[in-house]
Protein chains: 4
Amino acid sequence: MAEVFHPNIPIYLQLIESVKRKIVSGELSPGQRLPSVRDLAQTYEVNPNTAQRALAELEREGLVYSERTAGRFITNDGGLIEMTRTELAKEQIENFITEMQRLGFTNEQLLQELEQKLKKEERQDERK
Amino acid sequence: MAEVFHPNIPIYLQLIESVKRKIVSGELSPGQRLPSVRDLAQTYEVNPNTAQRALAELEREGLVYSERTAGRFITNDGGLIEMTRTELAKEQIENFITEMQRLGFTNEQLLQELEQKLKKEERQDERK
Amino acid sequence: MAEVFHPNIPIYLQLIESVKRKIVSGELSPGQRLPSVRDLAQTYEVNPNTAQRALAELEREGLVYSERTAGRFITNDGGLIEMTRTELAKEQIENFITEMQRLGFTNEQLLQELEQKLKKEERQDERK
Amino acid sequence: MAEVFHPNIPIYLQLIESVKRKIVSGELSPGQRLPSVRDLAQTYEVNPNTAQRALAELEREGLVYSERTAGRFITNDGGLIEMTRTELAKEQIENFITEMQRLGFTNEQLLQELEQKLKKEERQDERK
DNA sequence: GTGGTCTAGACCACC
DNA sequence: GTGGTCTAGACCACA
């Protein structure tokens, strides 16, 4: 079944995000072949132009490269993947800080709460 | 102006979230009157029934109370608001941890990254 | 505003019940004049025939008597009122027993629960 | 065949009561499947939305749980059922006391009358 | 087929 | 005007 997209955010950007995450999480490995634009469009139930635009952008960022006739592949540039990973993490972190501040937490408090939660998790893991 | 809703998440739940956040963040103060069901429905461009459902749920949770003909008001129970704030924070924290782990960060790493980011923020604030 | 009647129970019976209760509870005193059929019908928003039927029945039971031109009056027969009171009480008691048995209570249990509740009530009264 | 509802009491509340009673009285057993929303609505001659609302509320109280495509089932939590039974009994008792007091009975008297009635019932049972 | 959500529009009681 | 209830009918995901 198709993923569902957020309204008010361009679909091609969401598509890029989706593929990026699969790359940095290792779900898609370096050198692996991507489905064709047509297939991608069908999978995501999206206009082929939209899929094309997303892939072009990923290519521009270097995460994907195309070989004329063979199709598109995930980059082998581990450093770039790592950079992308860092970038996505940065977004998560900034978003987290923003949301916690909206809830009235100071930086010290949110850090403290996070540490507590992590400690609690570890304790549960030990029990298992 | 209408807010836009996420697809595949019930609108009434998103409405609840939206109002909850405004309450815990202080944007809506205890005792303050909420817009009427009809106004809220119009603001969010949603059916009055859907708005009614969301408000009824908030009332069930005690964050809001209704006075027959006068309208709905934010609870004066500061403790409850505080509890809700804690709960929302917990969700943010858990979500943050999950997302960072999906990106391949260990607990130590994500904590470290967060601390760095916070320190950087502080330095920027000092410069201003 | 008009009382509201249960469906599926003849309205005139409900009217009779309503007046009976007012008599035995003392809300209507012996010898007191009742409103005219026409007024009663209007008060209860009921067809005058229905009100007439109810009053006729109350008269048959002796709780009400009519003086040709002066109207209808509550009986002065204290004994009869007392009997009616007993009868209504009997209905309440039977209904109570039935309902409690439906909930799976034995006679001993329902008696015990009732006693406990009454004791609790008394204790609260003493505190005041 | 359709049940008939009291006027001026929300139908969905009466629906809830009706199902609750069937659960606590054992007419509906733990784990047993309930009719579908649509069937219930038809049985009670009520809009599906209204039936849905009642069932959702029962679910919120934990007396019922739903399995996506299979239907709704009575909870297996005997303790909860017991609690509900106690609660319903409490309502019956309070209502009984109120009504008897309205008829001018003191607590001692109403207790006495109830005991007499129960003894009379037992004697009748023995004769059979 | 199931539960769940949503809209459109109506009616009511309260004041 | 307010909140609250109800109906009629639609659409969706799940399996």
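To find a chain, count down the sequence lines: A is the first, B the second, and so on, and within it residues start at 1.
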| query | Given Watson-Crick or G-U pairs with both distances under 3.5 Å, what dot-bracket string fits DNA chain E, with | for other-strand pairs and [ ] for crossing? | reply | ||||||||||||||.

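- Judged by distance alone with a 3.5 Å cut-off, no donor-acceptor contact links the side chain of Arg68(D) to the base of dG1(E).
- One distance of note links CG of Leu15(A) with CG of Leu40(A); it measures 7.0 Å at 0.5 Å rounding.
- A distance of 4.0 Å separates CG in Leu63(A) from OG1 in Thr84(A), rounded to the nearest 0.5 Å.
- Side-chain atoms of Arg85(C) come within 3.5 Å of backbone atoms of Leu103(D) as a donor-acceptor pair (strictly under, hydrogens ignored).
- Nearest approach of Pro48(C) to Ala41(C), heavy atoms of both residues: CA-CB, 3.6 Å.
- At whole-Å resolution of the value, CZ in Arg38(B) and C1' in dG3(F) are 7 Å apart.
- Phosphate contact (OP1/OP2 of dT2(E), side-chain N/O of Ser36(D), threshold under 4.0 Å): present.
- Every residue meeting the ring pair (Phe, Tyr, Trp, His ring centres under 6.0 Å) condition with Phe96(A), not counting sequence neighbours, appears here in chain and number order: Phe96(B).
- Two residues, Pro10(D) and Ala70(B), neighbour DNA chain F, and the one matched to the more 5' nucleotide by heavy-atom proximity is Ala70(B).
- Regarding contacts with the backbone of dC6(E), every side-chain N or O of Tyr12(B) stays at 4.0 angstrom or more from both OP1 and OP2.
- Using a 4.0 Å cut-off, no side-chain N or O of Thr69(D) falls inside it from OP1 or OP2 of dG3(E).
- Shown here is Arg33(A), whose CZ atom has more than 12 heavy atoms of other residues, nucleotides or ligands within 6.0 Å.
- At a threshold of 4.0 Å, the pair Arg21(D)-Glu99(C) counts as salt-bridged, since one of the basic side-chain nitrogens sits closer than that to a carboxylate oxygen.
- Between Tyr44(B) and Phe5(B), the ring planes are tilted. Angles from 30° to 60° get that label.
- In this structure, Val46(B) and Val37(D) both approach DNA chain E, and ranking their closest nucleotides by distance from the 5' end singles out Val37(D).
- Remark: Asn47(D), Asn49(D), Thr50(D), Arg53(D) in residues 47-56 of chain D come within less than 4.0 Å of DNA chain F through at least one heavy atom.
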